[in-house]
Student: 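Sending over a structure as structure tokens; questions will come in a sec.
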Amino acid sequence: MRDPVLLQAVDVTCRYPGRAQGRPALDRLSLTLARGEWVAVAGPNGSGKSTLARVLAGLIPYQEGELWLNGQRLTPQAYDVRTRVGLVFQDPASQVVGATVEEDVAFGPENLGLPPSEIRRRVEEALALVGLAAMRHRPTRSLSGGQRQRLAMAGALAMEPDLLILDEPTAMLDPRGQEEVLAAVRRLNRRKKTAVLWITHRLEETLLAHRLLILQRGQVVAAGPPAPLLAGRQGPVESWGLRPPEVIRLAGALRRQGLPVPEEAATLQALTETVLQAWRAGGMGR
Amino acid sequence: MIEARGISHTFPGGVVALRGVDLTLRPGEAVALMGETGAGKSTLAQILAGLLRPSVGQVRWAGRPGPAGPWAPAGEGLRVAYLFQEAEHQLFEPTVWEDVAFGPRQLGLPGEVVQARVEEALALVGLDPEAIGGRSPFTLSGGEQRRAALAGLLATDPHVLILDEPTTGLDPAGVEGLIRLLHRLHREGMGLVVITHSLEEVAGWAERLLILHQGRLVVDEPLAQAVQRPEELARWGVEPPATLRLASRLRARGLPVPLGVTDPDALARAIAHLLDRGQAAPPGRVGGPPGSDQY
Ligand SMILES: Nc1ncnc2c1ncn2[C@@H]1O[C@H](COP(=O)(O)OP(=O)(O)OP(=O)(O)O)[C@@H](O)[C@H]1O
Ligand SMILES: Nc1ncnc2c1ncn2[C@@H]1O[C@H](COP(=O)(O)OP(=O)(O)OP(=O)(O)O)[C@@H](O)[C@H]1O
Ligand SMILES: [Mg+2]
Ligand SMILES: [Mg+2]
């Protein structure tokens with residue numbers, strides 16, 4: 001059975017003030033997100049990803065179309081969805097409000113008026129999830145770029161929203177940090193059925209999503225399961241200003257050399273096994 | 001040439017960010033600087049750029065006690081430009097055009113040259129001067145802002161360009177364009193220090209790989225040599241590109257593919273060649289259990 005719809009955008013158009021001319025930042029964009037669904041969003045610079053995030057989080061108004069959250073119509077003017085939609089900004093520095101790591105994470109839950117014990121529980125859990133527990137008393141301005149990005153993530157996790165919107169949340173993380181943050185969000189997604197909108201330029205990350213949306217010029221130009229989409233099923237990925245992730249390119253390169261690599265193969269493990277099988281079969285498996 | 005001797009840095013509050021780093025950057029050298037979150041990369045980069053004075057140790061820029069800064073006139077020393085990790089905070093003028101023109105103007109260049117430099121720099125980073133030049137930098141998207149900040153540095157034509165995670169926030173075409181640009185700047189003789197978490201981004205042009213781990217320089221050698229030891233790189237929090245990892249997994253299972261190949265097509269050809277030549281698979285199960293070669 002399909003999960004109930006959590007969020008629906010119908011023909012939403014958004015223009016920034018002072019930019020009445022030209023193409024709007026979101027141009028009649030539609031999307032549906034089910035409860036517990038994980039949707040990745042990719043697209044070139046300036047295609048409208050952050051604008052979409054801001055509109056869905058109620059930070060900026062939209063001009064046309066309709067937005068529904070939990071069956072409730074959201075008015076085009078700013079609306080308060082903080083308790084239900086959490087957003088991690090693309091620029092994590094602009095999101096820091098507390099003087100210390102711990103205070104910063106507690107800020108959101110405190111504003112929700114939660115009891116102190118619940119605030120403590122959430123802060124503990126969020127700090128542990130992003131691996132910042134040992135730095136809890138550090139002044140926020142003393143963090144490295146990657147540490148600051150983890151902090152922004154912890155702040156959003158502590159809100160325990162129904163929908164978590166992450167705007168390039170791993171852009172400044174090292175491979176281990178990227179892995180850990182993906183794992184933390186996956187756990188939340190599975191356990192609490194938190195819906196996730198994961199915006200990224202690192203296309204290998206989108207392979208973990210249920211669906212991938214490609215944005216171009218404020219519109220969704222392609223959507224579907226990530227691996228076939230990135231393998232070029234709906235048209236050359238380059239035509240959307242993107243580039244398939246390295247595993248997908250590697251899969252393509254092996255296929256061109258005659259190895260029987262299945263279309264959905266999107267992990268190194270799968271590629272390794274394909275090559276070894278061909279080898280055991282005594283040749284190219286052709 | 002930048003020479004750093006015995007560099008250690010402790011921040012107020014007691015965090016030790018660098019421990020005894022010795023480093024000489026030769027003129028025109030292309031260097032990648034890597035290492036895990038909090039390893040000390042930005043701290044070292046800012047010291048090399050002359051923006052931060054180390055608590056211990058000495059740095060010399062072309063033999064002088066300080067760099068000339070990106071806007072110093074010619075002949076006044078080594079001009080070093082630095083792109084901040086959060087480059088969007090580096091923009092300050094009311095329009096993108098003014099922002100990029102700021103450096104060349106400081107250099108005292110005549111108006112037509114400033115104009116030419118701004119146009120060239122914007123084109124190099126893939127921003128249309130017509131469409132974006134007149135806009136406030138604060139209304140740009142994240143990736144557009146980083147491109148604008150980089151253009152501002154390029155327009156000053158420095159001797160050494162230090163870029164702190166410059167591909168963050170760039171779309172794939174932007175990343176590719178930047179890599180091509182770095183290639184070209186290197187050929188033209190500019191010194192480059194580029195911080196990144198992606199070996200793939202630097203494998204094609206960087207000559208030398210530096211890795212910091214908890215403030216210590218643990219790797220400093222030709223990049224082509226370092227990538228032949230993917231397991232060691234992984235230990236320092238540097239993930240080898242998928243192509244290197246596939247090669248390493250296949251070798252662990254007994255297929256003698258070449259080491260150090262970073263291009264997917266080249267590796268695929270090498271694999272096909274081995275298989276076509278009928279490279280014999282050992283009897284029974286190939287290699288160890290699946291996953292035993294993961295890192
Ligand atoms: N505050 C603003 N005022 C005016 N125009 C804006 C503003 N913010 C963004 N824009 C413009 O709206 C369009 C969409 O921007 P948006 O930030 O949503 O892109 P994005 O897909 O997030 O890009 P990136 O990958 O660079 O982060 C771009 O053309 C951008 O220049
Ligand atoms: N202003 C500061 N005050 C105190 N500690 C700091 C300050 N800036 C950085 N640090 C600490 O110094 C260490 C090195 O930081 P640095 O910013 O150099 O790391 P980095 O390698 O650039 O990491 P990242 O990949 O996250 O950007 C980190 O532990 C960081 O928290
Ligand atoms: Mg954005
Ligand atoms: Mg840094």
Side-chain angles (χ1 to χ4, degrees), chain A residues 16 18-19 22 43-51 90-93 138-139 142-148 150 167-168 171-178 201 203-204 238 241-243 245-247 249-250 252-254 256-259 268-269 271-273 275-276 278-280 282-285, chain B residues 11-13 15 35-39 41-43 85-86 88-89 126 139-144 147 164-165 168-176 197 200 234 237-239 241-243 245-246 249-250 253 255 264-265 267-269 271-272 274-276 278-281 286-287 290-291 293-294:
Chain A
Y16 285 98
R19 300 199 64 209
N45 289 138
S47 57
K49 303 181 297 299
S50 298
T51 305
Q90 182 167 0
D91 169 18
R138 283 276 293 272
S142 80
L143 299 179
S144 77
Q147 289 162 349
R148 206 181 345 271
R150 285 169 177 249
D167 197 350
E168 304 191 31
M172 281 191 281
L173 296 185
D174 61 10
R176 187 176 317 144
Q178 180 189 24
H201 289 297
L203 292 181
E204 73 276 7
E238 288 80 3
L242 300 177
R243 186 170 183 239
E246 198 187 354
V247 238
R249 279 182 285 131
L250 201 45
L254 290 168
R256 280 194 295 280
Q257 292 295 331
L259 279 120
L268 274 189
Q269 186 67 41
L271 297 186
T272 310
E273 293 310 322
V275 172
L276 291 175
W279 186 25
R280 262 174 255 150
M284 301 298 284
Chain B
F11 281 105
V15 177
E36 57 190 26
T37 296
K41 302 180 296 296
S42 297
T43 307
Q85 183 163 6
E86 285 149 284
E88 45 282 10
H89 304 296
T139 68
L140 300 184
S141 79
E144 290 164 347
R147 290 167 189 248
D164 199 342
E165 306 197 17
T168 303
L170 292 190
D171 59 30
V175 173
E176 228 172 308
H197 288 295
E200 195 198 352
V238 171
E239 188 177 71
T243 307
R245 278 184 291 153
L246 178 65
R249 284 176 180 219
L250 292 173
R253 306 280 285 272
L255 187 67
D265 282 300
L267 181 68
R269 278 195 302 274
I271 290 171
L274 281 173
L275 266 53
D276 274 345
Q279 176 76 39
V286 178
D293 49 348
Q294 284 178 27

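Reminder, nothing fancy here: chain letters follow the sequence lines and each chain counts from 1.
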Student: Given side-chain contact (heavy atoms from CB on, under 4.5 Å), test Thr168(B) with Glu168(A) step by step and report yes or no.
Tutor: CA-CA 9 Å; Thr168(B) 303; Glu168(A) 304 191 31; 5.5 Å; no
Student: What part of Leu140(B) is in contact with chain A, defined as an atom under 4.5 angstrom from a non-hydrogen atom: side chain, backbone, both or neither?
Tutor: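 When you check distances to chain A, no heavy atom of Leu140(B) falls under 4.5 Å.
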Student: For chain A, which candidate among Val15(B), Leu170(B), Asp265(B), Leu267(B) shows the most heavy-atom pairs at distances under 4.5 Å?
Tutor: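 The candidate making the most pairs under 4.5 Å is Leu170(B).
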Student: Just how far is it from atom NE2 of His89(B) to atom CG of Asp91(A), taken to the nearest 0.5 Å?
Tutor: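 If I round to the nearest 0.5 Å, the distance is 4.0 Å.
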Student: Any salt bridge linking Arg245(B) with Glu246(A)? Criterion: basic side-chain nitrogen under 4.0 Å from a carboxylate oxygen.
Tutor: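 No, this pair does not count.
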Student: Based on non-hydrogen pairs under 4.5 Å, which of Ser144(A), Pro175(A), Ser142(A) is most in contact with chain B?
Tutor: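 Winner by heavy-atom pair count: Pro175(A).
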Student: Who among Glu176(B), Glu200(B), Glu88(B), Lys41(B) has the most heavy-atom pairs with chain A under 4.5 Å?
Tutor: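 The residue among Glu176(B), Glu200(B), Glu88(B), Lys41(B) with the greatest pair count is Glu200(B).
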Student: Test side-chain contact (heavy atoms from CB on, under 4.5 Å) on Leu268(A) and Arg249(B) and set out the steps.
Tutor: CA-CA 9 Å; Leu268(A) 274 189; Arg249(B) 284 176 180 219; 3.9 Å; yes
Student: Using a 4.5 angstrom heavy-atom cutoff, name the option from Arg176(A), Met172(A), Arg150(A), Arg249(A) with the most pairs to chain B.
Tutor: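 Greatest number of close heavy-atom pairs with chain B: Met172(A).
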Student: Using 4.0 Å as the upper bound for N to carboxylate O, is an ion pair formed by Arg253(B) and Glu273(A)?
Tutor: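 Counted as a salt bridge, because a side-chain N and a carboxylate O are separated by less than 4.0 Å.
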Student: Which one, Asp171(B), Thr139(B), Val238(B), leads in non-hydrogen pairs under 4.5 Å with chain A?
Tutor: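 Maximum pair count with chain A is reached by Asp171(B).
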Student: For Gly146(A) versus Gln85(B), what's the shortest heavy-atom pair and its separation?
Tutor: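 Between these two residues, the closest heavy atoms are N-NE2, 4.2 Å.
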Student: Just by distance, do the side chain of Asn45(A) and the backbone of Gly169(B) share a donor-acceptor pair under 3.5 Å?
Tutor: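 Confirmed, Asn45(A) side chain pairs with Gly169(B) backbone.
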Student: Does any backbone or side-chain atom of Thr243(B) lie under 4.5 Å from a heavy atom of chain A? Answer side chain, backbone, both or neither.
Tutor: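 Looking at Thr243(B), backbone and side chain both touch chain A.
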Student: So for Glu165(B), is it side chain, backbone, both, or neither that comes closer than 4.5 Å to the heavy atoms of chain A?
Tutor: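 Glu165(B) touches chain A through side-chain heavy atoms alone.
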Student: Taking atom CG of Leu254(A) and atom CG of Leu275(B), what is their separation to the nearest 0.5 Å?
Tutor: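 The CG atom of Leu254(A) sits 10.0 Å away from the CG atom of Leu275(B).
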Student: Among the options Arg138(A), Gln178(A), Glu238(A), pick out the one with the most heavy-atom pairs lying under 4.5 Å from chain B.
Tutor: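 With the most close heavy-atom pairs to chain B, the winner is Arg138(A).
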Student: Hey, which of Gly142(B), Pro172(B), Ser141(B), Gly143(B) has the most heavy atom pairs under 4.5 Å with chain A?
Tutor: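 Of the candidates given, the most pairs with chain A belong to Pro172(B).
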Student: Quick check for you: to the nearest 0.5 Å, what is the distance between Thr272(A) atom OG1 and Leu246(B) atom CG?
Tutor: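 Atom-to-atom, Thr272(A):OG1 and Leu246(B):CG are 5.0 Å apart.
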Student: Write down the atom of Gln147(A), the atom of Thr37(B), and the distance for their closest heavy-atom approach.
Tutor: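 So the two residues come closest at N-CG2, 3.6 Å.
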Student: Under 4.5 Å, counting heavy-atom pairs only, tell me which of Ser50(A), Gly46(A), Pro245(A) racks up the most with chain B.
Tutor: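 Sorted descending by pairs with chain B, the first entry is Gly46(A).
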Student: By a 4.5 Å heavy-atom criterion (distance strictly below it), what part of Val175(B) contacts chain A: side chain, backbone, both, or neither?
Tutor: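 Neither part.
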